[in-house]
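Note that the structure is a prediction, hence the values are computed from the model and not measured. Computed from heavy atoms alone, side chains included, the values below leave out hydrogens, waters and symmetry copies.
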Amino acid sequence: MINTTEQEEREYLEEIKETLLLAIRRADDNVKDVSEELRHNKEYIHEHQSGMDEADMVAAGQSINRMAFTGEGAVARKRKLLKLIDSPYFGRIDFITGEERSAIYIGIYTFFDDLQKTNLIYDWRAPVSSMFYDFELGAAHYEPPSGKIEGEIALKRQYKIRECKMEFMIENAVNIHDEVLQQELSKSADDKMKNIVATIQRDQNAVIRNEEARVMIIQGVAGSGKTSIALHRLAFLLYRFRDEIRSKDLLILSPNKVFSDYISNVLPELGEEHIPEKGIEDLANELLEHKVQFQTFFEQVELLLENPDPAFIERIQFKASFDFLKQLNKYLIYVENTYFNLDEIRLGKMVVPGPFIQERFKAYHRIPLLKRFHEVAKDIQTYVRNEVKRKLTGGEKSKIWEAMPRMFKISNVLDLYKDFYRWLEKREMFMTLAEGKLEYADVFPIIYFTMRLEGYEPHHHVKHLLIDEMQDYTPVQYAVLSRLFTCKKTILGDVSQTVNPFSASSAEGIEQVFPQGDIVKLFRSYRSTFEITTFAQQLSPNSNVIAMERHGAEPELKGFENNTEELECIKELLDVFKETNHQSLGVICKTTNQAELAYEFLKQVHKVHLLKADSTSFYEGVIITTAHLAKGLEFDEVIIPFASARNYHTEVDKRMLYIACTRAMHQLTLTYSNGVTELIKLL
């Protein structure tokens, strides 16, 4: 057995450091050599191109491309080595198979030493590394492509290494992960989400390494790490299927640009390139070819918060139901069966009989309804040409092409969508905003209609789709996404964190759209202290939630006579925050107007950042924003202003308050004027 004592481990770390430094120097020399050779080749081609024929030029170009590719690989290897030198590994297991005992050190990347011709560090995603997460001391196994290997874990250690210095080592404890996890959770929040490879739990590891699921649906409570798990899952799949998929083949549907920026560090930290990201509204604009103006989801929620009109709520609820999707499908069948008013076409003495037209129309049943006219018109032209034994005149062709759409009662998608509500006898369910702008609840039903009636091109280039904040998508949206993206999917969210309870989707609801989905439920909350988690639970009770036994200050409620006094108190709280070791504080308001009010007041004496719907970056320090935009983010401290009975009283308000409370890691304060909200009056 090697490195039995902590001192020996520290000495071994120094050896690894020297080996890595040597590898970095070799990698650096390799990068320089390739760069120099590339430069020489380009100069040679430039000087001799007049004497080179086409074949020589093609060969020279291919040579340069090969060298460039080699150079990119050398640069990537050097980049990984530079990251390893800071923290080469975080865990070790000694695995015994037969008479052989192997010390397996696990880090963020594999490190194969060319001189020793052996792996000194194993990537956390490697099959053998799975045992570190899945087993304690005793019998264990892992499954490489060659087949299951069984043995025994004789030793298990975890390290905290920073700047290649060992801060601590924990050995052979059943709760080895818990001790390190507690230390990691006690730290301050950063301006970017970090990787969790050193603290992945057994249930999380099972989700990350699931290779078989066509659709993985992760329902996780606030702070359960579901987004981080999903990103690590993508990193694992890129590692496991590295010959089949690249980062560019994946797509993340992200709730907003701030959140995209917040999570942007995770995959590069794990050695993967940036994965393309897109907002659901960006996707909608693409599908509608930027021809339709519509209300955004953020605008919908703001309207619900500031002016919760019952009719508006009724329209949203109706269009977020599974029954609505069923009715859309019934209507489309009805249209196909009844809206084709069959008639013969006369071209002089020549008559194209109705039964022939009907037969051709039905023959193209696999083609979207409004695209069949083109095919039927071509068949009619062929029919007429065979009958009259001559070419058709321009006028005859025009008459055929004009006659076909007229046989259909309505031949425009938007008009058919409006007619759908007439057919339902619910005309009041379709309302447009000023200047014909669509309500957000109508955007994806219209896209669904367009797909069914005019066709669409599936996004086959996307080989895995990650959908975050699943609870904020409706059945119609999932129906669109399932048709558009035929690839495997990871879908995650928390029904308790919906910002619009009138259009929320649960894991079970999503399963109705994706019946092949594997549902995983995560109940352990890691983000907040026990006291904050308990406080938030009274806003959204869930008896399954398991709060981490990490204790801190009780949430505080501070009452005042007016908003000015409230904001003066928040100024003082920011003064106190500046004297702590904490890195981030979120002032989380209900609406944008309230966030702007707080920002204008506080920016006079403090450096603060205002996050709005069009913001693109997440910052350290003090951030002022709304609960809607704070979803997925976390802060060391959270202050919730204006938590009065007048401001927080509806079901939507309650969800916003829950989201705001669950952003806090270590400290939570609520301020109010003229009476605290009844939603928390019992606390």
Cationic N near anionic O, under 4.0 Å, [X] to [Y]:
X: Glu375; Y: Lys378; value: yes
X: Glu454; Y: Lys371; value: no
X: Glu277; Y: Lys257; value: no
X: Arg663; Y: Glu634; value: no
X: Glu273; Y: Arg246; value: no
X: Arg646; Y: Glu678; value: no
X: Glu344; Y: Arg346; value: yes
X: Glu336; Y: Arg372; value: yes

Starting at NZ of Lys418, measure out to CZ of Arg427 and round the result to the nearest 0.5 Å.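 It is 11.5 Å, given to the nearest 0.5 Å.
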
Pairs satisfying ring-ring contact (aromatic ring centres under 6.0 Å, His included), at least one member in residues 340-367, at least two apart: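 Checked against ring-ring contact (aromatic ring centres under 6.0 Å, His included) - neighbours excluded - the pairs reaching residues 340-367 are Phe340-Phe361, Phe356-Tyr383.
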
Do [X] and [Y] come within less than 4.5 Å of each other through their side chains, counting heavy atoms only?
X: Leu433; Y: Phe294; result: no
X: Leu392; Y: Gln381; result: yes
X: Phe420; Y: Leu332; result: no

Parallel, tilted or perpendicular for Tyr440 and Phe444, by the 30°/60° rule?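 It falls in the perpendicular class, over 60°.
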
Could you list the residues that satisfy ring-ring contact (aromatic ring centres under 6.0 Å, His included) with Tyr421, not counting sequence neighbours?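 ring-ring contact (aromatic ring centres under 6.0 Å, His included) check on Tyr421 returns Tyr417, Phe430.
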
Tell me which donor-acceptor pairs under 3.5 Å the side chains of residues 205-213 have, and how far apart each pair is, sequence neighbours excluded?
from	atom 1	to	atom 2	distance (Å)
Asn205	OD1	Arg209	NE	2.8
Asn205	ND2	Asp134	OD1	2.9
Asn205	ND2	Asp134	OD2	3.3
Arg209	NH1	Arg125	O	3.2
Arg209	NH1	Ala126	O	3.4
Arg209	NH2	Trp124	O	2.3
Asn210	OD1	Glu212	N	3.0
Asn210	OD1	Ala213	N	2.9
Glu211	OE1	Arg240	NE	3.2
Glu211	OE2	Arg240	NE	3.0

Counting the benzene-type ring for Trp, do Tyr334 and Tyr339 have ring centres under 6.0 Å apart?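 That pair passes the under 6.0 Å test.
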
Do His628 and Phe297 have ring centroids that are under 6.0 Å from one another?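 Between Phe297 and His628, the centre distance is under 6.0 Å.
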
With Phe485, which of His459, His460, His464 fulfils ring pair (Phe, Tyr, Trp, His ring centres under 6.0 Å)?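 In the set His459, His460, His464, the residue that makes a ring pair (Phe, Tyr, Trp, His ring centres under 6.0 Å) with Phe485 is His459.
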
